[in-house]
Amino acid sequence: MKFEKIAAPKGVREYLPPESQAFEWVREQLISPAKLAGYQLMELPVFEDTALFNRGVGESTDVVSKEMYTFEDRGGRSITLRPEGTAGVMRAVIESNLDRGQLPVKAWYSGQFFRAERPQAGRYRQFYQVGIEAIGIDDPALDAEVIAIADQGFKNLGLKNYRLEITSLGDAQSRAAHRVDLMKYINGLDLDEATRARAELNPLRLFDDKRPEMKSAMEAAPILMDYLSDYSRVHFEKVKGYLEDLGVAYTINKRMVRGLDYYTGTTFEFVHEDLGAQSGIGGGGRYDGLMEVLGGQALSGIGFGLGVDRALLAAIAENTLPVQSFTSDLFIIAMGEEFKGFALQVAAVTRKSGFSVEVAFGDRSLKGAMKAADKNGARFVAVIGESERESGSVELKRMSDGTSISVKIGELHKVLEA
Ligand code: HAM
């Protein structure tokens, strides 16, 4: 019987060697500035109670209303694969009482996220983010530092063709004042029922409507930035001042709408110029009401999520990936079955000194094994047989020039170091 092959699910992005090395490098560059700034790892579940996202991310968003992978588990509970990371971090902080300790709680995370979007280049149903959240302190200096950490991640990748857009979505008072005028404006528009319902949930969503007729209808709508309370205006001015102190360039985008409902105050996006339609390489902002909405104290928060897949595409577009391929320092070939155990021991001992060592497996001829060592790009090759086992020394062949020297097994690391 011949079995059919099974393909990966539609729209998922996976990384295999050698591309996975570039992916790993990108992910580490993006998150390393956060680690240096004292953020600590949170490993969270990839699935949560559906209510967390309904309430946390907001039912008016496309993410919640159209894109969640929601299913009933075997106990009849409604479960959703996480479409984003902030709600889960907040849930964990509240549940573990971290907000009763030292503030701000500073967390970083990295992993898969799931949105049932229409797949295209740079847009996947399973994608990767690294992110940070700083919870519990409302200080414009923190906003600027969070933005600068994200910016440093992109700079670590060597990216240049991107811009940082910032805006303020104001505090509750600003948004209430804006909402009055915005609803007046929206009520004067000829809208279909679904759009009107969305406006009732969150009128700001209409700024995000991609249909041309809606785009032009919203052109003259009142803009939130013009309604900022004194507190929000001063807060935003300070954030801008700190960004200038830090030398982080930005442009103001008064019409920015994020795809998640929890944002308040400082909000930002990084947009890459070479990526076409899926140009958002990262985004974030304040979410001062989220903790309370999720049943916790009324504490503020700010954070970002950076798209690892898109950052990798951006690094490819700008040609900034380092040339690197996995090559081992030493490749060991056993001259027959009876020396394999010894070859494994030599490999294990040498790895303890921090060198990468591979062993030839299977029953290849010496010639075949040498070919494999060459293909592998190994720096040195050692062939192990009877005399090596007896003498405790091996003949180390340097692949770059073909020269050999005899080295005691315990001293292999000295030659490999050179
Ligand atoms: P977001 O803007 O929805 O924010 O996602 C952050 C980044 O994830 C985007 O800028 C993009 O690079 C990447 N991304 C989103 N969807 C996809 C997709 N379908 N395929 C590939 N990449 C994608 C958040 O998720 C917020 N939790 C960020 C945040 C943290 N805000 C505050 N704290």
Side-chain angles (χ1 to χ4, degrees), residues 10-15 23 26-27 30-31 34 39 42 44 48 52-53 56-58 61-64 66-69 81-91 93 104-135 142-143 146-147 149-150 153-154 157 159 162-166 169 208 256-272 275-291 300-315:
K10 187 174 174 207
V12 306
R13 190 67 178 88
E14 56 190 1
Y15 296 92
F23 174 82
V26 167
R27 187 172 53 187
L30 286 176
I31 201 61
Y39 286 76
M42 277 199 193
L44 297 171
E48 297 270 4
L52 175 67
F53 304 114
V57 173
T61 63
D62 279 358
V63 169
V64 168
K66 300 184 192 153
E67 297 170 359
M68 294 208 302
Y69 283 98
L81 298 184
R82 62 182 183 187
E84 64 93 50
T86 311
V89 169
M90 195 56 106
R91 193 262 315 133
V93 165
V105 176
K106 298 202 293 188
W108 71 267
Y109 51 88
S110 163
Q112 286 95 335
F113 295 86
F114 307 86
R115 294 181 193 176
E117 298 193 80
R118 203 138 48 84
Q120 62 180 86
R123 188 165 74 192
Y124 313 111
R125 291 182 172 174
Q126 172 176 291
F127 59 97
Y128 296 81
Q129 277 186 13
V130 295
I132 71 171
E133 311 296 344
I135 296 166
L142 177 60
D143 299 31
V146 164
I147 294 172
I149 287 170
F154 294 126
L157 296 180
L159 299 184
Y162 70 91
R163 63 179 186 277
L164 161 64
E165 296 184 353
I166 62 171
L169 297 181
D208 201 22
M256 184 191 303
V257 188
R258 303 271 297 129
L260 314 159
D261 268 356
Y262 47 61
Y263 290 110
T264 60
T266 312
T267 306
F268 53 93
E269 266 175 0
F270 289 86
V271 181
H272 197 275
L275 292 188
Q278 305 308 316
S279 57
I281 51 174
R286 280 212 155 268
Y287 41 83
D288 288 348
L290 182 61
M291 185 179 267
S300 63
I302 180 165
F304 63 65
L306 311 183
V308 184
D309 315 84
R310 290 186 193 171
L312 173 58
L313 289 173

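In listed order, ligands and their atoms are each counted from 1. Basis for what follows: all heavy atoms, side chains included, without hydrogens, waters or symmetry-related copies.
Every atom of ligand 1 with a heavy atom of Gly280 under 4.0 Å away is listed here by number and element: 9 (C), 10 (O), 11 (C), 12 (O). Taking a cut-off of under 4.0 Å to the non-hydrogen atoms of Gly282, the atoms of ligand 1 that pass are 10 (O), 12 (O). Those atoms of ligand 1 that come under 4.0 Å of a heavy atom in Gly305, given as number and element, are 6 (C), 7 (C), 28 (C), 29 (C), 30 (C). Each of the following atoms of ligand 1 lies closer than 4.0 Å to a heavy atom of Arg123: 19 (N), 20 (N). Close contacts between ligand 1 and Gly283 involve ligand atoms 10 (O), 28 (C), 29 (C) [criterion: under 4.0 Å to a heavy atom]. Listed by number with element, the atoms of ligand 1 under 4.0 Å from a non-hydrogen atom of Gly284 are 31 (N).
In this pair, Tyr128 and Phe23 present their aromatic rings perpendicular. The plane angle is above 60°, beyond the 30 to 60° band.
Note that OG1 of Thr61 is 7.5 Å distant from CE of Met68, once rounded to the nearest 0.5 Å. A distance of 4.0 Å separates OH in Tyr39 from CD1 in Ile132, rounded to the nearest 0.5 Å. Summarising the geometry, atom OH belonging to Tyr263 is positioned 12.5 Å from atom CG belonging to Asp288; distances are rounded to the nearest 0.5 Å. Considering CG of Leu81 and CZ of Arg125, their distance stands at 13.0 Å, rounded to 0.5 Å.
Under a 3.5 Å cut-off, the side chain of Tyr124 and the backbone N or O of Gly122 do form a donor-acceptor pair.
A cation-pi contact, defined as under 6.0 Å to the ring centre and within 45° of the axis, links Arg13 to Tyr15.
Here the heavy atom of the protein found nearest to atom 21 (C) of ligand 1 is Gly122 O, 3.3 Å. At the shortest separation from atom 14 (N) of ligand 1 among protein heavy atoms lies Phe127 CE1, 3.5 Å. Closest to atom 31 (N) of ligand 1 among all protein heavy atoms lies Tyr263 OH, 2.6 Å. Summary of contacts: the protein heavy atom closest to atom 3 (O) of ligand 1 is Arg115 NH2, 2.9 Å. Taking atom 33 (N) of ligand 1 as the reference point, the nearest protein heavy-atom neighbour is Glu133 OE1, 2.8 Å. Closest to atom 20 (N) of ligand 1 among all protein heavy atoms lies Tyr124 N, 3.0 Å. Closest to atom 5 (O) of ligand 1, if we only count protein heavy atoms, is Gln129 NE2, 3.1 Å. For atom 27 (N) of ligand 1, the nearest non-hydrogen atom of the protein is Glu84 OE1, 2.7 Å.
Between Arg258 and ligand 1, a contact under 3.5 Å exists for at least one N or O pair. For a threshold of 3.5 Å applied to N or O pairs, the pair formed by Asp309 and ligand 1 contains no separation below that value. Some N or O of Tyr262 is nearer than 3.5 Å to an N or O of ligand 1, by distance alone. Between Tyr287 and ligand 1, no N or O atom pair is found at a separation short of 3.5 Å.
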Intermediate values then yes/no, side-chain hydrogen bond (donor to acceptor under 3.5 Å, both in side chains), Thr86 and Tyr262: CA-CA 10 Å; Thr86 311; Tyr262 47 61; 3.0 Å; yes
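Taking the ring centroids of Phe270 and Phe304, they lie at or beyond the 6.0 Å cut-off.
Neither the backbone nor the side chain of Ile302 comes within contact range of ligand 1; no heavy atom lies under 4.0 Å.
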